[in-house]
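Structure first, then comments.
A, B, ... follow the sequence lines: proteins, then strands. Residue 1 opens every chain.
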2 protein chains.
Amino acid sequence: MTTARLTRSREDYLKALFALEGGTRAVHVTPLAKRLRVTAPSATNMLARLAREGLVTRAARGEARLTALGLRRALQTLRRHRVLETYLVQALGLDWAAAHDEAEVLEHAVSDAVLDAMDCQLGRPHEDPHGHPIPDRRGRLAQRALVTLTALPAGAVAVVREVGDGDRAFMTRCRRAGLVPGAHVRVLEGGAALEVGGRRLAAAAARFSGVRVEPLASVTRRRRA
Amino acid sequence: MTTARLTRSREDYLKALFALEGGTRAVHVTPLAKRLRVTAPSATNMLARLAREGLVTRAARGEARLTALGLRRALQTLRRHRVLETYLVQALGLDWAAAHDEAEVLEHAVSDAVLDAMDCQLGRPHEDPHGHPIPDRRGRLAQRALVTLTALPAGAVAVVREVGDGDRAFMTRCRRAGLVPGAHVRVLEGGAALEVGGRRLAAAAARFSGVRVEPLASVTRRRRA
DNA sequence: CGCCGAAGTTAGCTTCGGCTAACTTCTCGG
DNA sequence: CCGAGAAGTTAGCCGAAGCTAACTTCGGCG
């Protein structure tokens, strides 16, 4: 069941492909390269290798898509990342934002044994500290119907579910704004201001495009959990 | 104070140089290459690079010695390794022998922040699970006057202090034999048998050359702690 | 003394994963 | 319908760190 480990680069490419289109739609070279902070030729090059190895397929000019195998590998890496992130925050008391960067490195180094020990000690959590679901050991990822905070119409109320990682400054900003998983948020004045956990926040919803929320049918105001 | 991180290879070479001669005497290419499981030319090559970078000096044909800077770096890596090893055993319940291999990889990946969080949570230990002293954060390593079990004369009694790592099978053998830090041992029948923690063990002391002990002046027998 | 073998080094190749420069191919605006 | 610019690819290079093959050097023994 446990297949040989891929190189760090490969794991990063697969993870990025998954992150960009959830493993469904095809991904173009440019956004992929941008996310991985490499040049386009480097990405083209690596995609060719991954294709040779049966981890992605190349379609029309510039498009790539994960194969079933590639998807499995991507989810394995994502699982590593999220378990690690959770462990670093819960067990080692790392800063919410810092944990992401650390996990980014460690996800390529921890063995299955160590990861499982961490997972076990955490009580096999289903979510990482940003609210993202953690793929289970078979690579199954819970699907949720969320929308980005940006997409919320004025007056709408929602519960924050996921605070996208990837940008450290962004996460710090969210935490300071109270935009953490479980917090209640209401869009005010046509998106020009927010109300987070009952406190008014003079910032446009647009600044928090990485926040995904679950819209509430009711308009009841509640304090955050 | 925190200098830029070296490559994994470099850290491994420096650690090996330190391990082979404690940072004092010069090390020859062949044993170094053997320990790192690379060929002699590879070692020569890397030593040249390390010399260029001021981490080692090359003396007579084939000899290398850590510089003060190289020694500091080696001790930093050694510290990482030993803190990690301790953490993996104490906090994550890993097998005594397995922890070594895991630490060997992770020592090149953990950040100072994570390492310090682990160290802190462990209560800033002074010894790893094999009994080896852990260099402090300034790179100072406690020196101890120990002898190898092999060197003990028949009839001598000693306390096990360090059980050398590096070989997984060896460590497993030691643990099964009761040769763990703190155990009392007596050499019987001219080295052909041992008494460990009061139990007779029909194995030559020579099979445990990686075990370092503190000889006891008195010949009193005690049970192990 | 001379020569053999061990130890070390040099030279040159390989893979990995980047990079730049230059070319091709699409798409879209005028 | 054509041409500009964006997107992608090709070609060729780089550095890290390994490797083998072949050469040098040295130490010791017959």
Side-chain angles (χ1 to χ4, degrees), chain A residues 3-21 25-66 70 73-74 77 104-105 107-109, chain B residues 3-21 25-66 70 73-74 77 104-105 107-109:
Chain A
T3 346
R5 198 65 175 275
L6 299 174
T7 63
R8 174 178 175 158
S9 254
R10 269 161 246 253
E11 286 184 350
D12 280 336
Y13 274 85
L14 296 180
K15 199 157 60 89
L17 283 168
F18 178 79
L20 287 176
E21 283 304 346
R25 269 179 298 164
V27 174
H28 282 263
V29 166
T30 302
L32 178 66
K34 214 155 258 167
R35 171 174 250 264
L36 290 168
R37 303 167 170 282
V38 297
T39 58
S42 297
T44 296
N45 193 12
M46 181 57 90
L47 284 176
R49 256 179 295 204
L50 294 174
R52 247 188 280 121
E53 293 160 9
L55 295 162
V56 309
T57 53
R58 307 286 329 253
R61 210 184 149 67
E63 289 190 346
R65 185 188 305 267
L66 290 170
R73 295 316 202 81
T77 305
E104 204 62 50
V105 177
E107 69 189 6
H108 307 292
Chain B
T3 347
R5 199 65 175 274
L6 300 173
T7 62
R8 176 181 174 157
S9 254
R10 269 161 245 252
E11 286 185 352
D12 279 337
Y13 274 84
L14 296 180
K15 198 157 61 93
L17 282 167
F18 178 79
L20 287 175
E21 284 302 347
R25 269 178 299 164
V27 174
H28 282 263
V29 167
T30 303
L32 177 66
K34 215 156 256 166
R35 170 174 250 262
L36 291 167
R37 301 168 171 284
V38 297
T39 58
S42 297
T44 296
N45 194 11
M46 181 57 90
L47 284 176
R49 256 180 294 205
L50 294 174
R52 246 189 280 122
E53 294 160 8
L55 295 162
V56 309
T57 53
R58 308 286 328 251
R61 209 186 149 66
E63 287 189 348
R65 184 188 306 268
L66 290 169
R73 295 317 203 81
T77 305
E104 203 62 51
V105 176
E107 69 189 6
H108 307 293

Does a side-chain N or O of [X] approach OP1 or OP2 of [N] to a distance below 4.0 Å, or not?
X: A:Thr30; N: D:dA6; value: no
X: B:Arg49; N: D:dA17; value: yes
X: B:Thr7; N: D:dA17; value: yes

Any A:Leu32 side-chain heavy atom under 4.5 Å of A:Leu47 side chain: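 Touching, per the 4.5 Å side-chain cut-off.
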Test log, rule side chain to side chain contact (heavy atoms under 4.5 Å, CB included), inputs B:Leu14 and B:Leu6: CA-CA 10 Å; B:Leu14 296 180; B:Leu6 300 173; 3.6 Å; yes
Steps toward side chain to side chain contact (heavy atoms under 4.5 Å, CB included) verdict (A:Glu107, A:Asp12): CA-CA 10 Å; A:Glu107 69 189 6; A:Asp12 280 336; 3.8 Å; yes
Spacing between B:Glu63 atom CD and D:dT25 atom P, to the nearest angstrom: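 The distance from CD of B:Glu63 to P of D:dT25 comes to 18 Å, rounded to the nearest Å.
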Interatomic distance, A:Arg61 CZ vs D:dA6 P [rounded to whole Å]: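 Taking CZ of A:Arg61 and P of D:dA6, I get 15 Å after rounding.
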Closest approach of [X] and [Y], non-hydrogen atoms and distance?
X: A:Ala109; Y: B:Ala109; value: CB-CB, 3.9 Å
X: B:Met46; Y: B:Ser9; value: CE-CB, 3.6 Å
X: A:Glu104; Y: A:Arg8; value: O-NH2, 4.0 Å

Sugar-phosphate, base or nothing in reach of A:Arg10, heavy atoms under 4.0 Å: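 Sugar-phosphate only.
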Touch class at under 4.0 angstrom, heavy-atom based, for A:Ser9 against every strand present: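 It contacts sugar-phosphate atoms only.
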Closest-nucleotide ordering on DNA chain D, the 5'-leading residue of A:Pro31 and B:Arg8: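 It is A:Pro31, whose closest nucleotide lies nearer the 5' terminus.
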Residue-level proximity of residues 51-58 of chain B to DNA chain D when a heavy atom falls under 4.0 Å: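 Heavy-atom cutoff 4.0 Å gives no residues at all.
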Contact boundaries on DNA chain C for chain A, cut-off under 4.0 Å to non-hydrogen atoms: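 Here the contact window of chain A covers C:dC16 to C:dT25.
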B:Glu63 backbone acceptor or donor facing B:Arg58 side chain under 3.5 Å: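 Pair found, side chain donor or acceptor close to backbone of B:Glu63.
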Derivation of the side chain to side chain contact (heavy atoms under 4.5 Å, CB included) call for A:Arg10 and A:Arg73: CA-CA 10 Å; A:Arg10 269 161 246 253; A:Arg73 295 316 202 81; over 6 Å; no
Nearest-0.5 Å distance, CG of residue B:Leu66 to CZ of residue B:Phe18: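 Going from CG on B:Leu66 over to CZ on B:Phe18, the span is 8.5 Å.
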